[in-house]
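Every chain is numbered from 1, with letters handed out A, B, ... down the list of sequences. Predicted, not measured: the structure shown is a model, and the values here were computed from it.
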Number of protein chains: 2
Amino acid sequence: MNTPNFTAGKCSDCPIRHRAVCARCNADELVELDAIKYYRTYEAGQTVIWSGDKMGFVGSVVSGVATLTQTMEDGRTQMVGLLLPSDFVGRPGRDGAAYNVVATTDVVMCCFRKKPFEELMSKTPHIAHRLLEMTLDELDAAREWMLVLGRKTAREKIASLLSIIARRNTTPDNDSVSTVFDLPLTREAMADYLGLTLETVSRQVSALKRDGVIQLQGKRHVTVPDMTRLMEEAGDDTDGGFLI
Amino acid sequence: MNTPNFTAGKCSDCPIRHRAVCARCNADELVELDAIKYYRTYEAGQTVIWSGDKMGFVGSVVSGVATLTQTMEDGRTQMVGLLLPSDFVGRPGRDGAAYNVVATTDVVMCCFRKKPFEELMSKTPHIAHRLLEMTLDELDAAREWMLVLGRKTAREKIASLLSIIARRNTTPDNDSVSTVFDLPLTREAMADYLGLTLETVSRQVSALKRDGVIQLQGKRHVTVPDMTRLMEEAGDDTDGGFLI
DNA sequence: CGCTTCATTGACGACGTTCAAGACATGTGG
DNA sequence: CCACATGTCTTGAACGTCGTCAATGAAGCG
């Protein structure tokens, strides 16, 4: 139900039309993209791409959530990206995948065959410009996350993750102030995101609940009565100083 | 002496001509860039840009080393980027700086006035393409660093930092195998990079020295007798599996 | 019902931080 | 030349956060 059925294919009806890599394209360019695109679906838990494998395509997440992870030989793993609808997957100009991509919910991807996509990119500036913009945003997000990983306590890390998900994933709430959302991640995935163990994640989530910062219905459904409080717990500036 | 005197201004003689944001530009485009560029020098320790300030320019590091840092209200700081010669500073399309930029050695910057640079970017694809490529590389580096911050031990972190600096900063060594370089960072800066305290950095550097992984002449001059050993200590794949 | 997966909770210990003292190098002034 | 100050780094001891290991609970499914 939070995976809307979009596998039809008309770009004009596409839910991510205005935010994805194709956002700036005009009608003509969309026709060209249309010719090299196809949809693929992945079930929750399925691996989309293995690190090191040759990639035949790049693409956008249309619906669902996927994760980007790195793994060391001994099995320690770190998530390095959370892919939400409209996020771009793959790197033009590179053959091999640098990370594992795993679907954490059912996922629909809009894929472009890589070679034609690269040619299209060099012909039309709109795609390249949008991709640059998106990459710069991701770089900012990665750097924000470096602060979380390097300097925040376990409690602050959890609060940071919750407020990020809340910001990108809120379902407009009927009863006013409080923010409500579903966690798209298991405790283990949260741990991999935050550089913690799943036990520590569980403990800190419980602690935030005990202290009234969040409420839980089941294990995944979260209510935040006071976002400002949550952001204070995250150690962030509460007065969101935004850059344009 | 490791700050070569380049403040003259002919792009053709520029030491970073082939790697910076201008790398792909042809002669005509260089002329246009030339018209909006100017050089600035900063002394070691000097702040180049304050986070939040309005930025009138973007630019490239020509020589020297600078750092990109984020700071929390209570003073905890995390380095999120290490700017070496040819690296790009600033974000086209954004007015305010998101990070502090501090020169750790004497630095020469090649600056472009922001507005004209943005106009030039939208006219010529070469600059935008090169910037996209560089941004993707930086994103990869940031993600690599997330693994270091989230999952590596203090000892592995130090070894990781040393091997990165060794890779980008090696002075070709007369006597064969061993790798020699100068650390451009204080212990405190290393700590800020690695999400550690300076005491822990000091202890782990001493430990690596005691165990023969590195040798020190003074506090900054490092000799690595066996790079493979160092990379093992870093927890990295020793067989550098490279992506193209 | 048993089986699996995901999550919670407790006890204990290791790793890294904190606090504190001291080493070492460089520079300044008497 | 020595006394003194300053900045950078090293080292030690005590502490605390988070990881490890293990048992238990809760929910979904054949």
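Evaluation of the salt bridge (Lys or Arg N to Asp or Glu O under 4.0 Å) rule for B/E233 yields B/R155, B/R229 as partners, not counting sequence neighbours. For B/V102, the side-chain contact (heavy atoms from CB on, under 4.5 Å) test picks out B/T47, B/T67, with sequence neighbours left out. For A/D137, the salt bridge (Lys or Arg N to Asp or Glu O under 4.0 Å) test picks out B/R91, with sequence neighbours left out. Residues passing the salt bridge (Lys or Arg N to Asp or Glu O under 4.0 Å) test with A/K37 are A/D34, sequence neighbours excluded.
Residue pairs meeting the side chain to side chain donor-acceptor pair (under 3.5 Å) criterion with at least one partner in residues 48-58 of chain B, sequence neighbours excluded, are absent. Within the structure, every pair that satisfies the ring pair (Phe, Tyr, Trp, His ring centres under 6.0 Å) test and touches residues 134-155 of chain B, not counting sequence neighbours, is listed here: B/W145-B/Y193. For residues 199-236 of chain A, there are no ring pair (Phe, Tyr, Trp, His ring centres under 6.0 Å) pairs, not counting sequence neighbours. For residues 183-202 of chain B, every residue pair satisfying the salt bridge (charged side-chain N to carboxylate O under 4.0 Å, His left out) rule, not counting sequence neighbours, is listed here: A/R151-B/D192.
Between A/R143 and the choices B/E138, B/Q78, B/Q70, the side chain to side chain donor-acceptor pair (under 3.5 Å) rule is met once, by B/E138.
Using a 4.0 Å cutoff on non-hydrogen atoms, the parts of residues 183-194 of chain B near DNA chain D are B/T186, B/R187, ordered by number.
On the nucleic acid side, DNA chain C has its first and last nucleotide under 4.0 Å of a heavy atom of chain B at C/dG16 to C/dC19, going 5' to 3'.
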Check your understanding: Quick one: what's the B/S/- string for nucleotides 11-30 of chain D, heavy-atom cutoff under 4.0 Å, read 5' to 3'?
Key -> BBB----SSBB---------
Could you go through residues 200-207 of chain B and list every donor-acceptor pair under 3.5 Å that involves a side-chain atom there, pairing it with any protein atom two or more places apart or in another chain?
{"residue": "B/T200", "atom": "OG1", "partner": "B/T197", "partner atom": "OG1", "Å": "3.0"}
{"residue": "B/S206", "atom": "OG", "partner": "B/S202", "partner atom": "O", "Å": "3.0"}

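Among the protein residues, B/R220 comes within range of the sugar-phosphate backbone only, with heavy atoms under 4.0 Å from sugar or phosphate atoms but none that close to a base.
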